[in-house]
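First the structure, in the form of structure tokens, and then the observations on it.
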Amino acid sequence: MKPPAPARPVKHSLTLSGHRTSVSLEDAFWQAFRAMADRDGLTINALAAQIDADRGDIGLASAIRVHVLRDAQRRD
């Protein structure tokens, strides 16, 4: 059986430190990201701001994907 093709990234706007920015993530990452924010009692903007503050020199979308992955790995 052939695995499903990965979905194309979907762009959403976020507000970080009062500035609008767009982030493109695959739908599965958006769903997991929203679930993490809900679980932690945060808005997705607040969670993105936390990730943004700690991401160093990597892109925000990559930092969010890694954050989601690490959260999933901790829960396994």
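Hydrogens, waters and symmetry mates play no part in the numbers below; they use all other heavy atoms, side chains included. Heads up: numbering here begins at 1 and tracks the sequence.
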*Could you state the interatomic distance from OG1 (Thr15) to CG (Asn45), rounded to the nearest 0.5 Å?*
5.0 Å

Shortest non-hydrogen contact from [X] toward [Y]:
X	Y	answer
Leu16	Ala49	CD2-N, 3.5 Å
Arg55	Leu60	NH1-N, 3.3 Å
Ile51	Ala63	CG2-CB, 3.7 Å
Ser22	Ser13	OG-OG, 3.9 Å

Is any side-chain heavy atom of [Y] closer than 4.5 Å to one of [X]?
X	Y	result
Asp52	Leu14	no
Val23	Trp30	yes
Leu47	Phe33	yes
Arg39	Asp71	yes
His67	Gln50	no
Arg65	Glu26	yes
His12	Ile44	no

*Determine whether Val10 and Phe29 fall in the same hydrophobic cluster, where Ile, Leu, Val, Met, Phe, Trp and Tyr are linked whenever their side-chain heavy atoms lie under 4.5 Å apart.*
yes

*Leu42, Met36: one ILVMFWY side-chain cluster at the under-4.5 Å cut-off?*
yes

